[in-house]
Student: 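Could you have a look at this structure, given as structure tokens, before my questions?
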Amino acid sequence: MVINFMQEKYNPKKIELYAQRYWDKTAAFKAAEIPGKQKYYCLSMFPYPSGKLHMGHVRNYTIGDLLSRYHRMLGFNVLQPMGWDAFGLPAENAAIQNKVPPAQWTYDNIAYMRKQLQSLGLAIDWNRELATCKPNYYRWNQWLFLRMLEKGIAYKKTQVVNWDPVDQTVLANEQVVDRRGWRTGALIEKREIPGYYLRITEYAEELLSDLDKLPGWPERVKTMQANWIGKSFGVEITFPADATSNTPQALKVFTTRADTLLGVTYMAVAAEHPIALHAAKYNRDLATFIVKCKHNAAKEAEFAAQEKEGMATGLFVVHPLTGSKLPIWVSNYVLMGYGEGAVMAVPAHDERDFEFAKKYNLPIKQVISEPIGSPLNPYFEFSMKQWKNWYSSKDGVCTNSGKYDGLKFQVTVDAIASDLSALGLGNKRTQFRLRDWGISRQRYWGCPIPLVHCDTCGVVSVPDEQLPIVLPEDLVPDGSGNPLASTPSFYVCDCPQCGKLARRETDTMDTFVDSSWYYIRYACSDQDKAATDARTNYWLPVDQYIGGIEHAILHLLYSRFWSKVMHNLKLVKFDEPFANLLTQGMVLNEIYFRKTETGRITYFNPVDVDIQTDDQGKRSGGILRADDQPVEFGGVGTMSKSKNNGIDPQKLVDKYGADTARLFIMFASPPEQTLEWADTGVDGAFRFLNRLWKQVYNHLQQTIDPRINNNLSTELKSLRFKLHHTIAKVGDDLGRRHTFNTAIASVMELMNTLTKVHDSDATSHSLIQEALENIVLLLSPIVPHICHALWRELKPGTELLDQPWPKVDNAALVQDEIEMVVQVNGRLRGQIRVAKNAECATIERIALDNNQVQKYVAGYEVKKVVVVPGRLVNIVI
RNA sequence: GCCCCGAUAGCCCAAUGGCAGAGGCGCAUGGUUUAGAACCAUGUCAGUGUAGGUUCGAAUCCUACUCGGGGUACCA
């Protein structure tokens, strides 16, 4: 039965449903391994099933779908899968609030969001769908973890966590606001507990150098990763204990500025440093200070921004070169977890040391003079009062440094390192900022760590054949700790080694583990005998990965690490998982909230708030319509569940259809750019689709006269020029530039031209047919439903999905004459028309002869003429 | 604090070192309409966040700053 859709009015609801049914019925997007056919694995980052889609998802998945469909038209064997990053904290928070098990909440959300995704008409192979909270997925997390344990990649040590003393539970960084628990308002303590780590630092060098193997990644992402890994070259220096004070041990530090060694005036150690703890035994004030430091911010952002504080220990070390006595201070700006937990302080050349020294009246000694090559300038005078940026420059020479005076940075470092080495007090060393990856979480809704604690045997791995350790799905956390730890049916077990009663590990894995290899599992999601199989080597690596820029460091670095580990375990052939990466900018929206006296924060969705502005027209706050009371404005930020500022695309899809939603979000801005949400313009996108529909409808109403005139009128010639120019432009925008907004704009432009063409005879009619067919093809990756319907009308008996990407007819692009711009001293002064392939000398002469130009040039000497072929002439006088 | 990114018309954005305007929104006027909506047509507005520099030529490259966003290792 053929349903006639070609009604005068565009009816998105009907055609979208019909197109989706057709794709479904024909299994159009089922991907099969076809040896010899070039594959294109296009992957959008899988969503966390937070409840509803938001515009950020629509943006992400439309980009992926567009690229998938475009590559299918180019002839690739395309795989576009989808799944769910289904473990995580929000499910537990929802459980606490609604008293519903996280599993149920998660599965409900998945069901709803899957429906939403399907309504967007994405070309996804749903057969490969996976959810990380299902045992058939996380079983292989467990299996891989055990392999890493065997190889020594996974190991146990202590970790620092946020402890909420009221709820008696560990909090995530996000749940700590201004150093207080977000539910209880209690002051959070840092606590040390045991946990499991993965030795990502072993791979630091490889993760850094292999960035060069990724030309398809944005530079900004590679820069961020390189900075995060943070390879630095420096010197490890030992400061011997001072014999005249009761200092128990020498202090070891690492510094990248050994050239400033003669400027050291004190030493600073972390509150947890053994020497600090030793000193505190004899000093009550110091002990109090160290306890206070337990409440220091655990987050780096807050830690680094906090007011610097410290206290002298009364202990001393001696300078390795001069032998002078240096006091040891405990300070809150040194991290125990980084380097040696101690630093040599050079207040004259380090801004943090400078600030600290000034606060506590510690000496400041200048040992670097002004940058080389700088003019003698009072600006470069060293000031004890105010920090200047050149103090930390490596471009100066040593001063006040005895035999090193006058030497440059690298020469000094080399000399000092070798002098220290001779004394046995120092060596050159390479250091990474990157730390090992702690994967233990004291939480319920995550992948169980497959270990058993036995009084006799210690920590025992669960044998492979007993995997998976299944997470019970019926528990409801109440905010007071991990319910697994109080569920005997989970934790009581037999020791796999000796058979005695033992206790199962109740910590679960970081959800970044789940997302570190899901892209591999898509290739073989139905494989229940192994983590991977031969199919992974057909599809992997991912040809195009698309996701938010917020994942630039952690998720992408962990995934790279994980795939390198799997490569070394001989499970996969590739060692970089994502060949090309497109990082989409965040979709932002306003944030509104209220804070209670205890510090608890509630967020309100912007759609429920009336915005207020201040005198300068800036957003300052709002009124919640529900209760007419004010709410605070928290700036604009990423759409997210936790900030309650997501915009559900459903209303948009219901009112205008998925094609309009897709078109609008792609048209709004280039994908890599941050986008502040505003729905003005949706009407414009809808209007355009209506115009397209009407154009095709009107065209098809015309009866066709079979006689065709081969001599095209100027109007038709320029239409064909425009058409093929647009085909070239859209291909370039979609495939190379990834600027989908300009691709759409150029098709709109073509449409505007087309509307004005008179459909007066067979020639114009057939040209309009050619244009319309191509417009439908060019738009089809972006708005596939309307194009599916229109194609059937334009070319009855054929299907859009079988069509290749249109080819540019170069003959249509031939132009005899082109227009060029003439500048005089860089300012636009005239226009000239020249033959397409005119010589530079000819162009120059025509330009100089031009009347407009002569007005400016006459009477002056022409010093130089710059001719840019095809563009402009610049006459310099 | 540190690392990364951004700023162009009332708004979203284009200009791939070479004419600041392609496209869209909004607004205005006209047409159409009993009226409105819708639709069609025409028109409308900036010298590119600020201050310097490189260049024949800078929105684009460089430096500093301001504001905004992302990340900052347990949000995902």
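All figures in this text were calculated on a predicted structure; none of them were measured in a lab. Just so it is clear: chains get the letters A, B, ... in the order the sequence lines come, proteins before strands, and each one is counted from 1.
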Student: Does B:U29 pair with anything, Watson-Crick or G-U wobble, both distances under 3.5 Å, and if so, with which nucleotide?
Tutor: B:A41
Student: Determine: side-chain N/O of A:R441 to OP1/OP2 of B:A73, distance under 4.0 Å, yes or no.
Tutor: no
Student: Considering Watson-Crick and G-U wobble pairs with both distances under 3.5 Å, what does B:A59 pair with?
Tutor: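 Here B:A59 is not engaged in any pair, so there is no nucleotide opposite it.
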Student: Can you tell me which nucleotide in B:C4, B:G24, B:G70 comes closest to the side chain of A:N227?
Tutor: B:C4
Student: Is there a Watson-Crick or G-U wobble partner for B:A15 with both distances under 3.5 Å, and which nucleotide is it?
Tutor: none
Student: How close or far is atom C1' of B:C3 from atom CG of A:L556, stated in whole angstroms?
Tutor: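 Distance, rounded to whole Å: 16 Å.
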Student: Please give, in whole Å, the distance from B:A41 P to A:R687 CZ?
Tutor: 12 Å
Student: Students often get this wrong, so: under 4.0 angstrom with heavy atoms, is A:E550 touching a base, only sugar-phosphate, or nothing?
Tutor: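 The answer is base, as A:E550 lies within the cut-off (heavy atoms under 4.0 Å) of a base atom.
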Student: Set out, in order, the CA-CA distance, both residues' side-chain angles and the distance that settles ring pair (Phe, Tyr, Trp, His ring centres under 6.0 Å) for A:F686 and A:F664, then state yes or no.
Tutor: CA-CA 8 Å; A:F686 185 61; A:F664 171 65; over 10 Å; no
Student: Taking pairing as Watson-Crick or G-U wobble with both contacts under 3.5 Å, can you name the mate of B:A64, or confirm there isn't one?
Tutor: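 Across all strands, the one nucleotide that pairs with B:A64 is B:U50.
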Student: Roughly how far apart, to the nearest Å, are B:U66 and B:G26 at atom P?
Tutor: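 The answer is 38 Å between these two P atoms.
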Student: Strictly below 4.0 Å: does A:R691 bring a side-chain N or O up to OP1 or OP2 of B:C39?
Tutor: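 For B:C39, neither OP1 nor OP2 has a side-chain N or O of A:R691 closer than 4.0 Å.
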Student: So A:F512, base contact, sugar-phosphate only, or nothing? Heavy-atom distance under 4.0 Å.
Tutor: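 The answer is base, as A:F512 lies within the cut-off (heavy atoms under 4.0 Å) of a base atom.
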Student: With under 30° as parallel and over 60° as perpendicular, where do the rings of A:Y61 and A:H57 fit, or are they tilted in between?
Tutor: parallel
Student: More 5' along RNA chain B: A:Q442 or A:V876, using each one's nearest nucleotide?
Tutor: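 The residue closer to the strand's 5' end, by nearest nucleotide, is A:V876.
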Student: Using the purine O4'-C1'-N9-C4 or pyrimidine O4'-C1'-N1-C2 torsion, is B:G47 syn (within 90° of 0) or anti?
Tutor: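 Glycosidic conformation of B:G47: syn.
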Student: Have a look at A:D683 and say if it touches a base, only the backbone sugar-phosphate, or nothing, with a 4.0 Å heavy-atom cut-off.
Tutor: nothing
Student: Using a 4.0 Å heavy-atom cut-off to protein, can you give one letter per nucleotide of nucleotides 8-19 of chain B, 5' to 3': B if the base is in contact, S if only the sugar-phosphate is, - if neither?
Tutor: ----SSSSB-BB
Student: Using atom C1' of each nucleotide, how far apart are B:C61 and B:C13 to the nearest Å?
Tutor: 23 Å
Student: Contact class for A:H551 (heavy atom, under 4.0 Å): base, sugar-phosphate, or nothing?
Tutor: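 Counting heavy atoms under 4.0 Å across all strands, the contact made by A:H551 includes a base.
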Student: So, A:D732 and A:R736, do they make that salt bridge, N to O below 4.0 Å?
Tutor: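 A salt bridge is present here (some side-chain N lies under 4.0 Å from a carboxylate O).
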Student: Report the residue (A:A305 or A:D436) whose heavy-atom-nearest nucleotide on RNA chain B is the more 5′ of the two.
Tutor: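 Its nearest nucleotide lies further toward 5', so the answer is A:A305.
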Student: Write down the distance between CH2 (A:W437) and P (B:A76), rounded to a whole number of angstrom.
Tutor: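 Rounded to whole Å, this separation is 12 Å.
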Student: Could you tell me whether A:G637 contacts a base, only the sugar-phosphate backbone, or nothing, with contacts defined as non-hydrogen atoms closer than 4.0 Å?
Tutor: sugar-phosphate
Student: To the nearest Å, give me how far apart CG (A:L778) and P (B:G23) are.
Tutor: 17 Å
Student: Are A:R433 and B:A73 close enough that a side-chain N or O sits under 4.0 Å from OP1 or OP2?
Tutor: no
Student: Could you walk me through whether A:Y137 and A:W517 pass the ring pair (Phe, Tyr, Trp, His ring centres under 6.0 Å) test, one step at a time?
Tutor: CA-CA 10 Å; A:Y137 181 79; A:W517 72 288; 5.0 Å; yes
Student: Sort out for me which residue in A:F356, A:F303, A:Y338 forms a ring pair (Phe, Tyr, Trp, His ring centres under 6.0 Å) with A:Y333.
Tutor: A:F356
Student: Looking at A:Y391 versus A:W387, is the centre-to-centre ring distance below 6.0 Å?
Tutor: yes
Student: Using a 4.0 Å heavy-atom cut-off across all strands, classify A:I553 as base, sugar-phosphate, or nothing.
Tutor: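 A:I553: backbone/sugar contact only, no base atoms under 4.0 Å.
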Student: Looking across every strand, which nucleic acid part, if any, lies under 4.0 Å from A:S440 by heavy atom: base, sugar-phosphate, or nothing?
Tutor: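 A:S440: base contact, heavy atoms under 4.0 Å.
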Student: Check every atom of B:U72, B:C56, B:A22 against the side chain of A:A745 and return the nucleotide holding the closest atom.
Tutor: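 From the listed options, B:A22 comes nearest.
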Student: For A:Y519, give me all partners under side chain to side chain contact (heavy atoms under 4.5 Å, CB included), at least two apart in sequence or on another chain.
Tutor: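 Here the qualifying residues are A:Y41, A:L43, A:L540, A:V542, A:S559, A:S563, A:P577, A:F578.
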Student: Between atom CD1 in A:I229 and atom C1' in B:C4, what is the gap in whole Å?
Tutor: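 Taking CD1 of A:I229 and C1' of B:C4, I get 15 Å after rounding.
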Student: Yes or no on ring pair (Phe, Tyr, Trp, His ring centres under 6.0 Å) for A:W437 and A:Y558, after CA distance, side-chain angles and deciding distance?
Tutor: CA-CA 9 Å; A:W437 174 13; A:Y558 290 147; 3.8 Å; yes
Student: Roughly how many Å is it from CD1 in A:I665 to C1' in B:G24, rounded to a whole number?
Tutor: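 The answer, rounded to whole Å, is 14 Å.
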Student: For a side chain to side chain contact (heavy atoms under 4.5 Å, CB included) check, start with the C-alpha distance between A:K729 and A:T742, then their side-chain angles and the critical distance, and finish with the verdict.
Tutor: CA-CA 9 Å; A:K729 164 90 177 143; A:T742 52; 4.1 Å; yes
Student: Rounded to whole angstrom, note down the C1' distance from B:U32 over to B:G49.
Tutor: 45 Å
Student: Give A:Q175 one of three labels, base, sugar-phosphate or nothing, depending on what nucleic acid heavy atoms sit under 4.0 Å from its own.
Tutor: nothing
Student: Measure from the ring center of A:W228 to the ring center of A:F432 and say whether it is less than 6.0 Å.
Tutor: no
Student: Output the rounded distance in Å from CG (A:L335) to P (B:C2).
Tutor: 16 Å
Student: The side chain of A:N173 is closest to which nucleotide in this list: B:C75, B:G23, B:G1?
Tutor: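 When the side chain of A:N173 is considered, B:C75 is the closest of B:C75, B:G23, B:G1.
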Student: So what does A:V865 hit on the nucleic acid, given a heavy-atom distance under 4.0 Å: a base, only sugar-phosphate, or nothing?
Tutor: nothing
Student: Expressed as a whole number of Å, how far does the C1' atom of B:A9 sit from that of B:C25?
Tutor: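 Per the computed distance, 12 Å lies between those C1' atoms.
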Student: Looking for any heavy atom pair under 4.0 Å, which part of the strands does A:R435 touch: base, sugar-phosphate only, or nothing?
Tutor: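 Answer is base: heavy atoms of A:R435 come under 4.0 Å of a base.
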Student: For the pair made of CD in A:Q225 and P in B:C5, what is the distance, rounded to whole Å?
Tutor: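 Atom-to-atom, A:Q225 to B:C5, this comes out as 14 Å.
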Student: Please give the nucleotide sitting opposite B:G1 as a Watson-Crick or G-U wobble pair, both distances under 3.5 Å, or none.
Tutor: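 Across all strands, the one nucleotide that pairs with B:G1 is B:U72.
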Student: Looking at every strand, decide which applies to A:W228 at a 4.0 Å heavy-atom threshold: base, sugar-phosphate, or nothing.
Tutor: base
